[in-house]
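Below: the structure, in structure tokens.
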Amino acid sequence: MDKIIVNFSDGTSKTFHEGQIVIPWKKSGKNVSTAEPYTLWVHPDYELIPSFMEMLVNCDFFYELETPKICYASNSVVKVEVI
């Protein structure tokens, strides 16, 4: 199974894997809501990086389906590495 490790600006890191479902938060004016769930997919050359980046640039915050009480800020990602 393909995996990436994501490093955040606070020094923490998190592993994500192929097929993992991520829920983006989007804002519209003064409102915020969840967007359509996003499933991480594998690129033949760059593995999970393109799918993770695609999700990041399209939302302000996100959470994993498995842990909805922990939200991550998209702009706090400082490094993404294939492992």
Side-chain angles (χ1 to χ4, degrees):
M1 180 181 301
D2 290 284
K3 295 181 182 180
I4 55 174
I5 189 162
V6 177
N7 296 299
F8 295 93
S9 60
D10 67 353
T12 61
S13 61
K14 177 74 182 150
T15 302
F16 293 87
H17 59 82
E18 175 187 0
Q20 188 166 0
I21 297 173
V22 179
I23 312 295
W25 284 98
K26 289 192 174 187
K27 63 181 175 181
S28 176
K30 294 181 181 180
N31 299 316
V32 66
S33 62
T34 56
E36 187 173 326
Y38 190 84
T39 303
L40 297 177
W41 48 269
V42 175
H43 184 276
D45 296 323
Y46 304 107
E47 302 185 38
L48 289 175
I49 291 177
S51 68
F52 191 79
M53 293 300 180
E54 184 177 79
M55 184 272 305
L56 276 185
V57 301
N58 286 300
C59 69
D60 296 312
F61 291 86
F62 64 93
Y63 65 91
E64 300 170 272
L65 183 62
E66 299 90 4
T67 54
K69 293 185 179 183
I70 301 173
C71 294
Y72 302 92
S74 297
N75 66 359
S76 70
V77 173
V78 295
K79 181 179 173 184
V80 178
E81 180 181 359
V82 174
I83 56 173

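Note that the coordinates shown come from a computational prediction; the quantities given were computed from them, not determined experimentally.
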Within the structure provided, determine whether [X] and [Y] are in side-chain contact (heavy-atom separation under 4.5 Å).
{"X": "I5", "Y": "K14", "value": "no"}
{"X": "E47", "Y": "K3", "value": "no"}
{"X": "L65", "Y": "I23", "value": "yes"}
{"X": "K27", "Y": "N31", "value": "no"}
{"X": "K26", "Y": "F62", "value": "no"}
{"X": "N7", "Y": "V77", "value": "no"}
{"X": "L40", "Y": "F52", "value": "yes"}
{"X": "V6", "Y": "F8", "value": "yes"}

- Does the side-chain contact (heavy atoms from CB on, under 4.5 Å) test come out yes or no for W41 and E54, once each step is laid out? CA-CA 10 Å; W41 48 269; E54 184 177 79; 3.8 Å; yes
- Task: Following the transitive rule for hydrophobic clusters with a side-chain heavy-atom cut-off under 4.5 Å over Ile, Leu, Val, Met, Phe, Trp and Tyr, establish whether M55 and I49 coincide in one cluster.
- Result: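 Yes; I49 is reachable from M55 via cluster members.
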- Task: Kindly work out whether a path of hydrophobic side-chain contacts (I/L/V/M/F/W/Y, heavy atoms less than 4.5 Å apart) joins V78 to V82.
- Result: no
So how far is it from [X] [atom1] to [Y] [atom2], rounded to the nearest 0.5 Å?
{"X": "H17", "Y": "D2", "atom1": "NE2", "atom2": "CG", "result": "11.5 Å"}
{"X": "Y38", "Y": "C59", "atom1": "OH", "atom2": "SG", "result": "10.0 Å"}
{"X": "C71", "Y": "D60", "atom1": "SG", "atom2": "CG", "result": "12.0 Å"}
{"X": "Q20", "Y": "I4", "atom1": "CD", "atom2": "CD1", "result": "8.5 Å"}
{"X": "S13", "Y": "E81", "atom1": "OG", "atom2": "CD", "result": "10.0 Å"}
{"X": "I83", "Y": "T15", "atom1": "CD1", "atom2": "OG1", "result": "4.5 Å"}

- side chain to side chain donor-acceptor pair (under 3.5 Å) between E64 and T67: does it pass, once the steps are laid out? CA-CA 5 Å; E64 300 170 272; T67 54; 3.2 Å; yes
- Do other residues, nucleotides or ligands put more than 12 heavy atoms under 6.0 Å from the CD atom of E36? no
- Message: I'd like to know whether the aromatic ring centres of Y63 and Y72 sit less than 6.0 Å apart in this structure.
- Response: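 Y63 vs Y72: aromatic centres not under 6.0 Å.
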- Message: Please give me the minimum heavy-atom distance between L48 and F16, naming the atom from each residue.
- Response: CD1-O, 3.9 Å
